[in-house]
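Reckoned from all heavy atoms, side chains included, excluding hydrogens, waters and symmetry mates. Protein chains get the first letters and strands the later ones, always in sequence-line order, with residue 1 at the start of each.
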Amino acid sequence: MKVSGILYHLELEDSKVILYLRSGERRIIAEAEMRPYFYVIDGKIEELKGFKAREKGRELRVMEWERVKRLVDGVEKEVWKVYCNHLDCAKLIERKFPTMNIRGARSDPLQVFLIEKGLEPLCRVEIFGEPVGERIRVKEIRKVGEGSLDELKILYFTLLVKSEDGFPIPEKQSISIICCLSDEMKCFSSDDDREAIRKFIEYFQEEDPDVIIGYAQDSEDFPYLLRRAKLQGIDLKLGVLGREIIETGKYFRGMIIKEVIIPGRANIDLFPIIYRDFPQLPTKRIGEVCEELGVGEFVDIPNYKLKELSSKDLEEYAKQKIMAIKKVAEKELGFQIELSKLCSLPISRVPRLTIGELVDALIFKEAMLRGWILPDRGAIEVEEGYYAGGEVWLKAPGIYENVGYYDIRSMYPSIIKLYNLSPEVFDCKCCSEKNLRELGIKHWTCSKRKGLLAQIVEELIEMRRKVKEEMKRAKGEEYEVLYAKQYVLRVIANAIYGYTGWSSSRLYKKDLAETITAIGRIYIKKIRELVEKLGFEAIYLDTDGIQVIPRRSPDFQGLLLKLNKEISLEVELKHVARRAIFFAKKKYCHLVDGKLEAKGLELVRRDYPKFIKEVQKKAMEMLLSGKSYAEVKNYVDRARKLIEEHKLKKEELVLVEQLAKKIEMYERSSKIKVCAEWLKKEKGIELHRGMSVEIIIIKGTGPVNYRARPVQFFSEEDLDWEYYLGLFDQVMERSLAIAREEGLKRFFK
DNA sequence: TATAGGCATACGATTCGGGGCTG
DNA sequence: AAGCCCCGAATCGTATGCCT
C-alpha cells in the first residue's frame, strides 16, 4: 500500500525508526527498519565477528560487516563498516575495545536515517509498505514535497499555580489553572485540581495534537503536572495511543536540564530556544521576549504575585499568556524549522541543542554526504593553552563627532573561504609553497585540494546569496520563510570559526583557529592603515569593525569605495554616528538618527540596578544631544537625592544575575550564589543552572555579596541604601568624567 | 556532555607594610 | 629591640556579562 503525509516527528524504538505523519484528519504511524552501524579504521575486526553480549535483558550482537571505501579525514581508505542489531551494541563495543580505531558509534541514528533517505523534517513523504497492527512497515520512503506547520494540529499549553513566594511545591499547592489553545481557547480549573487535570487529559486526548508548544513546559509545567497527577492518582497519558509522557534530562554544564518526551508528538519548548538565541534578555520572561521580537505587549505577572489575582483575573491572565506564547512561536519557529532542515534533525530536537551541537550536526551531515568519516566529537586531543583572538584597540577615551562605523562582512567565514582553511589541508604535506607567509603567518594551506570546511562555508555563503536574491521577489509568508533560511545560514556560518577552536569538535585544530583570527587581525589593521592614508583618523577597532572620524571632508561613501578597491574582503558602512562617547574598549555609545546606541555600558548590563541604568541612559542621551556638563550634572544630582532620601521602590533597585553553575562549583560567593543558598536554606527552593534571580542588597554587616537576596522576600526598609548610593556615585563618576574633562579642554582652549 | 577570545568591572581573599603597643 | 596585632592599600583571582 501507499500513503503520504507530512513527516512531523520521529522516534527511536530499539533498532526501528518510528515515523509520525499527518495526512489531513488522519495520523499515520510507520516503522522503518534500520541497521545501526559503525566504522573500524585501520584495524582487524576478527574479535568483532560473532560478537555477542547481554545488556539490560537484551541481546546485542554484530550482524554483518563489509569492506567499504571512505574518505577518512580526507584520505581515501578501505575501512570496515560493521552492522549490529542494536545501537547500544555499537556503544558497548566502543567501550569494550578502547584500542580499536572506531568511529561513528555515537552518531545520532535519526539524523543518519534522515540523511540516508534524503528526507527533511516537515516535508511531505510517500511511503510504500505493509500494515502491521496500527503501523505501516516501510518498504520504501521518499520525499515528494514541502510541508509546513500549518498542516499540523498544534496545541499551545500553559498552567499557573498560585503560591506564597512564586516557587510552588506540588505537595502543597494544587494547580490553579491549565490553559490550552488549539482551534479555540480552553481553560481548566477546579477547587481541587483533580477535576481540572482529568478534564484536561480528556480534552487533550480528544484534540490529539501533533505538536505541543509551551514556554518552559519541560522544566516547569509538565513536571509539576506529573507530580500533581501522581498525587491525585491519575495517569498522565498524553502520548499518541494513550502512551504516558516520559521525563528525561540532558546533561548541560554540570546540571541536568529536564526534558519531557510525549510519544508520537513533537513537544517544542520555546524557553530553551530563547535561552540559547537571546542571551541578552535578562529575565527571559515572555513579556520581555514579546517586546524583543516586536510581537505586541504582554505584561508578565511574577509567580509570587499570582496569589493576588481573583479566579476571573487569573483566567484572563492565562489566556493572555497563551496568546503571547503563540505569538512568540509564530515569530520564532520558522528559524527552528529551517535549522532542523539544514542540519537534518527532528524538529523537537533542535530547540534543546546548543549552537555548537547544531554546527556539529551540519558538519556531520555534509561529511556523510561526501563519503567522509570524521573523528567523533571529543576524540581529538586537546592542545594546551589559549590562542589569540580578535584585535581590540582604542585610541583614547573621549567625545567624538561624525564617527563612521565600518565592518568586514562575515569576516571569519569569508577568510575560511578565501584561504581554503580546513584541518585536513592545513599545513599539508603536498605543498611546498608557504602561501600564508606573505601575511606573516608561518602556516600554509593546500593549493591542490579544496578543504572540507572551506567547501561547506562556501556552500553556506552561496546558498545565502541565492536566498537573499529570491527574497527580493518574495512577499508575505514566502518572504518570512526565505528570511528564516538566510538567517540560519548566517548564524551557522558565523559559528563555524568557533567550532574549529572548540576543543571537542570533530574539526578541532588550535593552529587553524588561531590562523583564522590572525588573518582577521591583519585585515582590520590593514584597513586602519588605509583609512589613515585616505584622510580619516581611526579611533576604535574591535575584531571586524573599525570606527573612524574625518580629518577633512566627511565623505564616508567615498572611503567605502576606496577600501573595497584595496581589500579582498567586503567592507560595509554600518552607520555614521552624529556624536559618540568612548569610555574604554567595548564600552561606548553612539547617537544614530537621534537614537542612543550603547555598547557595553552599565545601562545595557542586567547586573546593575535598574534605577542607576535609567539615570545613566538619560545622562548619556543628554550628553550626546549636546547638553552641557553642568546641565547633566544637575540632572544626575537630582536623581541622586532620590536614593539619599530613600524615595525609590525596591523594584527600581533590582539587579539580575544568572546562576552560572552548580552551587558546589563556586569558589567565591557571588550575589547569585548567596541568593541560591539563601533560597534553599530559608525556603527549600532549589535553583537550577541558568535560572536568573532578581536581586536586592539588604542592610547589615559583612560583605555586600553576602547580603544579596531575592527581591520578593524583602521590603524597602530592608534595603542597604548606602550601597546603592556608593554604586550610583561610582557609575556616574565614570560616566561624566569624560564630559567634565572635555568641558575643561574647551574652557582652556 | 560548553562555538571562540577580549574586555571592564566588582569584590572577596590574601598579602604587605607601617604604626603602635607590649613585655 | 623584637614581636605581635591592627588596619588600610595593593594585588590577585573569581565571577558576571558584555562585544565582535
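- Contact annotation for A:Gly389: backbone-only contact, meaning every heavy-atom pair under 4.0 Å involves sugar-phosphate atoms and none involves a base.
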Study note, to complete from the structure: Each nucleotide of nucleotides 7-13 of chain B classed B (base within 4.0 Å of a protein heavy atom), S (only sugar-phosphate) or -, in 5' to 3' order, makes SSSSSBS
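- Taking for each of A:Tyr387 and A:Ser504 the nucleotide of DNA chain B with the nearest heavy atom, the 5'-most of the two is the partner of A:Ser504.
- If you take NZ of A:Lys613 and P of C:dG17, they are 11 Å apart, rounded to a whole angstrom.
- With rounding to whole Å, A:Ile416 atom CD1 is found 11 Å from B:dA4 atom C1'.
- Which of C:dG17, C:dT16, B:dT3 sits closest to the side chain of A:Ala660 comes down to C:dT16.
- Here the nucleotide nearest the side chain of A:Asp607, chosen from B:dA2, C:dT16, B:dG5, is C:dT16.
- Close to B:dA2, at under 4.0 Å from its OP1 or OP2, lies no side-chain N or O of A:Tyr508.
- Contact between the side-chain N/O atoms of A:Thr517 and the OP1/OP2 oxygens of B:dG5 is not found at any separation under 4.0 Å.
- If you measure from atom NZ of A:Lys510 to atom C1' of B:dG5, you get 12 Å, rounded to the nearest angstrom.
- Residue contacts shown for A:Ile516 are absent, as no nucleic acid heavy atom lies under 4.0 Å away.
- Between the C1' atom of C:dT20 and the CG atom of A:Asp407 lies a distance of 9 Å, rounded to the nearest Å.
- A cation-pi arrangement is absent between A:Lys509 and A:Phe426, since the terminal nitrogen or guanidinium carbon is not both under 6.0 Å from the aromatic centre and inside a 45° cone about the axis.
- Atoms CD (A:Glu597) and P (C:dC19) sit 11 Å apart, rounded to a whole Å.
- One interatomic measurement links the two molecules: CG of A:Leu659 to P of B:dA2, which rounds to 18 Å at whole-angstrom precision.
- Using the six-membered ring where Trp is involved, A:Trp678 and A:Phe714 have ring planes that are tilted, between 30° and 60° apart.
- For A:Tyr406, the ring-ring contact (aromatic ring centres under 6.0 Å, His included) criterion is met by no residue, not counting sequence neighbours.
- Across all strands shown, A:Ala495 has heavy atoms under 4.0 Å from base atoms, whether or not it also approaches the sugar-phosphate.
- Atom CG in A:Leu421 sits roughly 15 Å away from atom C1' in B:dA4 (whole-Å rounding).
- Between A:Arg377 and B:dA2 there is a side-chain polar atom (N or O) within less than 4.0 angstrom of OP1 or OP2.
- Between the CG atom of A:Leu655 and the C1' atom of C:dA15 there is a distance of 14 Å, given to the nearest Å.
- As judged by a 4.0 angstrom heavy-atom cut-off over every strand, A:Phe582 is placed among residues making no nucleic acid contact.
- In this structure A:Tyr405 satisfies the ring-ring contact (aromatic ring centres under 6.0 Å, His included) test together with A:His575, sequence neighbours excluded.
- In this model, the phosphate group of C:dT16 is approached by a side-chain N or O of A:Tyr666 to a distance below 4.0 Å at OP1 or OP2.
- Under the salt bridge (charged side-chain N to carboxylate O under 4.0 Å, His left out) criterion, A:Glu657 pairs with no residue, sequence neighbours left out.
- Separation of the A:Phe583 and A:Tyr588 ring centroids does not fall under the 6.0 Å cut-off.
- The salt bridge (charged side-chain N to carboxylate O under 4.0 Å, His left out) analysis of residues 696-706 of chain A, with sequence neighbours excluded, yields no pairs.
- In terms of the side chain to side chain donor-acceptor pair (under 3.5 Å) criterion, residue partners of A:Glu459 (sequence neighbours excluded) are, by chain and number, A:Arg370.
- Minimum atom distance to the side chain of A:Glu657 is reached by C:dT16, of the listed C:dT16, C:dC19, B:dA2.
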